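This report refers to the structure that appears directly beneath it.
Being a predicted model, the structure only gives us computed values, none of them experimental. The sequence lines fix the lettering, A, B, ..., with proteins before strands; numbering per chain opens at 1.
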Amino acid sequence: MSARDVLFVALGVLTAAAGLLAVSSRQVVHAALWLVTALGALAGCYLVLGAEVVALVQVLVYVGAIVVLVLFALMLTRAPIGRSADLDARWPQRVAAAAAGGAVAALLGTTLVLAVGGRAVAVDEGRAAAEPLARSLFGAWALPFEVLSLLLLAALVSALLLSRERGER
Amino acid sequence: MIHLASPLLLAAVLAGCGVYGVLARRNAVLVLIGIELILNAANLLLVTFDVAYADRLHGGQVLTLFVITVAAAEVGVALAAVLLLFRRRGDVDLQRARDLAERVDVP
């Protein structure tokens, strides 16, 4: 166990616990705030893995933008403050959902760990620094990057259209 | 040095949490939180394998940046749809939105 391993396990336990609480909390706003914790701790995990640009983008876009959007949606849909019982489905569906989630986690975990779990890799700090990543992003990946801006524009226009539509009750 | 087992297990746990959240929640915004967790599990796998198989094009990290951007676009559109649902029906309970479901005729 190296220092990186210990750090990753600590951040990973925090991420997993916050993720579990985000999908099981009985208070809507708490679920959104646990999501913030999970995403922030995951950004720390990226840092430990040596992907500092990805960690920064995770903090900027996920924690900064997406979570704020989710909180706005909670406010605009008059989410109940305090504990509420009707956030989750009834218990047969909850049990089935827990079985499905557990099966996904077990299948994915055993497959991945059996395939490559025994390996230990050296984290090269200089490899994932901003400069080589930017060279690759704006060099080899320039066309997909530009197409992505078109996708963002399409999403912007469709969100505007959807929110302009008058809803009738 | 870092052992690959812990990031892989964390990704599996996050994906499992997300699947549970998507299937068990009734509030549409909370379903979106589950989807975000699944996307983050995929991102963690991409970064882990980028570190493990260091390729020249930085494929894993660049794809992670792309996935994060696509997730931002997806959340924007999805939340606009949720707000429209709320304006039409007065709540965002997916169990009560039965008329959105596909009609299945049982023979």
**Item:** Portion of Val77(B) that has a non-hydrogen atom of chain A nearer than 4.5 angstrom
**Value:** both
**Request:** Please report the shortest heavy-atom distance between Val51(B) and Leu49(A), naming the atom on each side.
**Result:** CG2-O, 3.3 Å
**Fill in**
Nearest heavy-atom contact between Cys17(B) and Gly19(A) is SG-C, 4.1 Å
**Asked** Quick one: do the Gln58(A) and Asn43(B) side chains pair a donor with an acceptor below 3.5 Å?
**Response** no
**Prompt:** Looking at Leu94(B), Leu30(B), Val47(B), Ile33(B), which one has more heavy-atom pairs under 4.5 Å with chain A than the rest?
**Reply:** Ile33(B)
**Request:** State which residues pass salt bridge (charged side-chain N to carboxylate O under 4.0 Å, His left out) with Asp93(B); sequence neighbours excluded, sorted by chain then number.
**Result:** Arg26(B), Arg96(B)
**Request:** Determine the minimum heavy-atom distance between Leu162(A) and Ala80(B), stating which atoms define it.
**Result:** CB-CB, 3.9 Å
**Request:** Identify which of Ser25(A), Ala3(A), Gly102(A) forms the greatest number of heavy-atom pairs closer than 4.5 Å to chain B.
**Result:** Ser25(A)
**Asked** Do Ser6(B) side-chain atoms and Val9(A) backbone N/O form a donor-acceptor pair below 3.5 Å?
**Response** no
**Portion of Thr64(B) that has a non-hydrogen atom of chain A nearer than 4.5 angstrom** = side chain
**Prompt:** Does a side-chain heavy-atom distance below 4.5 Å link His3(B) with Ser2(A)?
**Reply:** no
**Request:** Could you tell me which portion of Leu20(A) (side chain, backbone, both or neither) has an atom closer than 4.5 angstrom to a non-hydrogen atom of chain B?
**Result:** both
**Request:** For chain B, find its close neighbours in residues 135-143 of chain A: heavy-atom separation under 4.5 Å, sorted by number, or none.
**Result:** Ser136(A), Leu137(A), Ala140(A), Trp141(A)
**Asked** Between atom CD of Glu74(B) and atom CG of Leu151(A), what is the distance when rounded to the nearest 0.5 Å?
**Response** 10.5 Å
**Item:** Nearest atoms (heavy-atom pairs only) where Phe86(B) meets Leu76(A)
**Value:** CE2-O, 3.4 Å
**Prompt:** Which bit of Leu69(A) is near chain B, if near means a heavy-atom gap under 4.5 Å: side chain, backbone, both or neither?
**Reply:** both
**Item:** Per-residue contact mode, Ile2(B) against chain A (heavy atom under 4.5 angstrom)
**Value:** both
**Request:** Mind listing the closest non-hydrogen atom pair of Leu108(A) and Ala15(B) along with its distance?
**Result:** CD2-CB, 3.9 Å
**Proximal component of Ala78(B), with respect to chain A [non-hydrogen, under 4.5 Å]** = neither
**Request:** For each of Val23(A), Leu161(A), Leu39(A), Thr15(A), tally heavy-atom pairs with chain B at distances under 4.5 Å, and name the one with the top tally.
**Result:** Val23(A)
**Request:** With a 4.5 angstrom heavy-atom cut-off, could you sort out which part of Leu32(B) is near chain A: side chain, backbone, both or neither?
**Result:** neither
**Message:** Please rank Val22(B), Leu45(B), Leu79(B), Val13(B) by heavy-atom pairs under 4.5 Å with chain A and give me the top one.
**Reply:** Leu79(B)
**From Val67(A), Val61(A), Ile66(A), residue fulfilling side-chain contact (heavy atoms from CB on, under 4.5 Å) relative to Val75(B)** = Ile66(A)
**Prompt:** What pair of heavy atoms forms the shortest contact from Gln93(A) to Leu23(B), and how long is it?
**Reply:** NE2-O, 2.8 Å
**Message:** Less than 6.0 angstrom from the centroid, inside 45 degrees of the normal: does Arg119(A) satisfy that with respect to the ring of Tyr53(B)?
**Reply:** yes
**Fill in**
Assert top hit (heavy-atom pairs under 4.5 Å, partner chain B, pool Ala155(A), Ala120(A), Ala154(A)) equals Ala120(A)
**Message:** Are Cys45(A) and Leu10(B) packed together at the side-chain level, in the sense that at least one heavy-atom pair is separated by less than 4.5 angstrom?
**Reply:** yes
**Message:** To the closest 0.5 Å, what do you measure between CG (Leu112(A)) and CG (Leu9(B))?
**Reply:** 8.5 Å
**Message:** As an exercise, state the distance from CZ of Phe8(A) to OG1 of Thr48(B), rounded to the nearest 0.5 Å.
**Reply:** 6.0 Å
**chain A contacts, top residue of Val62(B), Asn27(B), Val19(B) (heavy-atom pairs, under 4.5 Å)** = Val62(B)
